[in-house]
Student: 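Mind looking over this structure? Questions follow.
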Protein chains: 2
Amino acid sequence: MAESNETGLPRAVMIAWGMEEAPQRGPSRGLSHERIVAAGIELADVEGLAAVTMQAVAKALGFTTMSLYRYVSSKDELLLLMQDAAFALPKRAVLPRGWRAALVAWAELVREAYRAHPWALGIPRGQTSVLMPNSVRAADLGMSALGDLEIDQESKVGVILVVSQLAASMVELEGSLATEGMVSTTPEGTGLLAEVITPERFPHIARLFTASSWAGAEQPLPEKPVIDGGTLEVDGEFGLGLSLLIEGLEARQRAAEGSGA
Amino acid sequence: MAESNETGLPRAVMIAWGMEEAPQRGPSRGLSHERIVAAGIELADVEGLAAVTMQAVAKALGFTTMSLYRYVSSKDELLLLMQDAAFALPKRAVLPRGWRAALVAWAELVREAYRAHPWALGIPRGQTSVLMPNSVRAADLGMSALGDLEIDQESKVGVILVVSQLAASMVELEGSLATEGMVSTTPEGTGLLAEVITPERFPHIARLFTASSWAGAEQPLPEKPVIDGGTLEVDGEFGLGLSLLIEGLEARQRAAEGSGA
DNA sequence: ACCTGAACACCGTTCAAGT
DNA sequence: ACCTGAACACCGTTCAAGT
């Protein structure tokens with residue numbers, strides 16, 4: 001399905017790594033993979049992923065829709081290229097010493113990358129995503145962050161995967177909380193909800209929905225008590241998740257030291 | 001945008017909680033919210049989310065496309081209803097005693113729910129998702145799992161959120177690894193990759209891509225060394241993430257006990 | 001009241017044709 | 001070799017009309 005050549009590699013992978021013979025011959029009017037991907041990213045940044053249609057991308061470049069198909073074999077392929085291009089960590093990023101600080105710094109880099117282009121999270125990450133250049137670069141940097149942590153390689157990859165997914169989840173969440181238009185709960189709405197989310201039926205969480213802190217106000221409806229804006233909230237979740245993972249790793253390391261050396 | 005009535009609540013929320021005056025009057029030919037949502041879910045289960053078009057859903061029910069709009073005001077609303085309906089935890093689920101075992105059991109329930117309808121992860125979860133019945137039910141059960149864990153309420157919600165996002169991420173990942181058709185790497189493809197993912201450029205991760213374990217074989221391309229099938233792999237990541245979170249919580253609890261009581 | 005038919009403004013993608 | 005024009009088979013959604 002995603003394959004193309006004799007190589008067995010998805011064409012998006014080959015294009016992204018520059019393995020694709022760039023045609024560049026004859027009266028090229030100046031279209032290219034790079035320009036197409038850049039136009040798509042610009043469009044997604046400004047108007048959202050839904051605005052990225054083949055027609056819109058072509059129009060932004062001043063070409064007809066069909067001209068894109070000489071460079072990109074389908075819209076999905078374009079989206080894959082956009083996804084990877086959007087997920088670029090800063091070049092030559094330097095991480096602090098010590099796995100703990102390094103992991104935190106790496107997690108923050110990953111989160112910032114997602115935040116810069118949150119629509120990229122709406123593009124399904126499949127097998128081919130893993131082979132794309134910026135994905136490989138990020139993974140390599142992540143592994144280097146865990147350099148002096150004494151767990152097996154397999155677990156390191158696991159930690160990196162879990163942390164990057166945590167970052168992705170939280171950015172996606174904070175994005176949807178911000179974008180979707182606050183659910184400005186009117187007294188009527190709050191009343192209706194309170195009738196149905198009762199302490200009897202939901203003893204452990206009902207009070208979070210009926211807390212006076214947000215009733216009637218123009219605040220995001222939380223899964224938890226509101227303290228600040230939605231962003232700070234999720235910021236807290238990200239920090240909590242990351243901290244717990246790190247403390248778990250520390251506990252393991254202590255245990256290993258205790259029994260080992 | 002997602003609002004509808006005087007209540008300020010998204011219409012999907014009202015429908016899902018049964019607050020919407022079901023028309024049911026006169027010569028109803030038998031269409032209903034429930035039937036429409038069920039048809040959509042069936043379609044998504046069998047043919048994927050992309051196959052869920054208004055036309056296809058209507059056809060499956062033996063009605064015209066436009067008949068759906070009497071019950072659902074847009075496709076997005078239908079998707080929201082499907083998302084929540086798909087995310088039903090078993091009724092009256094009983095969790096084991098003790099927060100640790102309870103949290104593991106809850107996480108497993110959540111993961112199984114996602115696994116039963118993985119396409120639901122492709123529908124953006126926004127603010128309104130949080131207000132949907134099954135989401136509230138799951139959150140309540142999750143909070144009950146952490147009953148005897150001595151951290152503040154806010155952190156409990158955070159833990160639940162992080163764990164459910166972890167489950168979602170891993171199900172999504174294992175889904176895309178399985179569905180997208182294995183990248184059956186030919187020797188040519190492996191060679192090309194090896195030229196570009198070199199130990200010099202990616203010292204910490206290159207060997208994972210060029211490991212002989214998968215070169216040329218019909219195995220999933222991993223972000224980590226292959227041991228078994230893709231599913232078991234991700235199973236491992238899920239377990240690792242969850243274990244680390246729990247161990248982090250234990251460490252915190254110990255610290256609190258040490259200083260506190 | 002519930003459902004249908006016809007229509008509208010879009011999609012992604014193809015194919016043959018221009019230069 | 002690169003790009004265009006015309007066409008196809010779909011989308012979601014509207015509106016006025018039937019029963």
Student: Between C1' on D:dC10 and CD on B:Glu47, what's the gap in Å once rounded to a whole number?
Tutor: 15 Å

Student: State, with a plain yes or no, whether a side-chain heavy atom of A:Ser169 is found less than 4.5 Å away from one of A:Phe238.
Tutor: no

Student: What nucleic acid atoms does A:Met54 come within less than 4.0 Å of, heavy atoms only: base, sugar-phosphate, or nothing?
Tutor: sugar-phosphate

Student: If you only use heavy atoms from C-beta on, which nucleotide in C:dG12, D:dT14, D:dC3 is closest to the side chain of B:Tyr69?
Tutor: D:dT14

Student: So what's C:dG18 paired with, Watson-Crick or G-U wobble, going by both distances under 3.5 Å?
Tutor: D:dC2

Student: Roughly, in whole Å, what's the span from CZ in A:Arg70 to P in C:dC15?
Tutor: 13 Å

Student: Can you tell me how far C1' of C:dG12 sits from CG of A:Leu79, to the nearest Å?
Tutor: 12 Å

Student: To the nearest Å, give me how far apart CZ (B:Arg35) and C1' (C:dC2) are.
Tutor: 14 Å

Student: Between B:Val196 and B:Arg201, is there a side-chain heavy-atom distance shorter than 4.5 Å?
Tutor: yes

Student: Take atom CD in B:Glu42; do more than 12 heavy atoms of anything else shown fall under 6.0 Å from it?
Tutor: no

Student: Base, sugar-phosphate, or nothing for B:Phe63, non-hydrogen atoms under 4.0 angstrom?
Tutor: sugar-phosphate

Student: NA contact type, A:Ser74, heavy-atom cut-off 4.0 Å: base, sugar-phosphate, or nothing?
Tutor: sugar-phosphate

Student: Using whole Å, what does the distance between atom P of nucleotide D:dC3 and atom CD of A:Gln55 come to?
Tutor: 18 Å

Student: Taking it one step at a time, do A:Arg115 and A:Glu174 satisfy salt bridge (Lys or Arg N to Asp or Glu O under 4.0 Å)?
Tutor: CA-CA 9 Å; A:Arg115 268 185 170 159; A:Glu174 78 188 30; 2.6 Å; yes

Student: Are the side chain of B:His33 and the backbone N or O of B:Tyr71 linked by a donor-acceptor pair below 3.5 Å?
Tutor: yes

Student: Grab the NZ-P distance between B:Lys75 and D:dT14 for me, whole Å please.
Tutor: 15 Å

Student: Reckon A:Tyr71 has a side-chain N or O less than 4.0 Å from the OP1 or OP2 of D:dC3?
Tutor: yes

Student: Within this structure, what is the CE-to-P distance between B:Met66 and C:dT4, rounded to whole angstrom?
Tutor: 7 Å

Student: Suppose we define a pair by two distances each less than 3.5 Å, Watson-Crick or G-U wobble; what does C:dC10 pair with here?
Tutor: none

Student: Remember a base hit wins even if backbone is also touched, and classify B:Thr53 as base, sugar-phosphate or nothing at under 4.0 Å, heavy atoms.
Tutor: sugar-phosphate

Student: When the nearest nucleotide of DNA chain C is assigned to B:Ser67 and to A:Ala50 on a heavy-atom basis, which residue is associated with the more 5' position?
Tutor: B:Ser67

Student: D:dC11 P sits how many Å from B:Leu49 CG, rounded?
Tutor: 13 Å

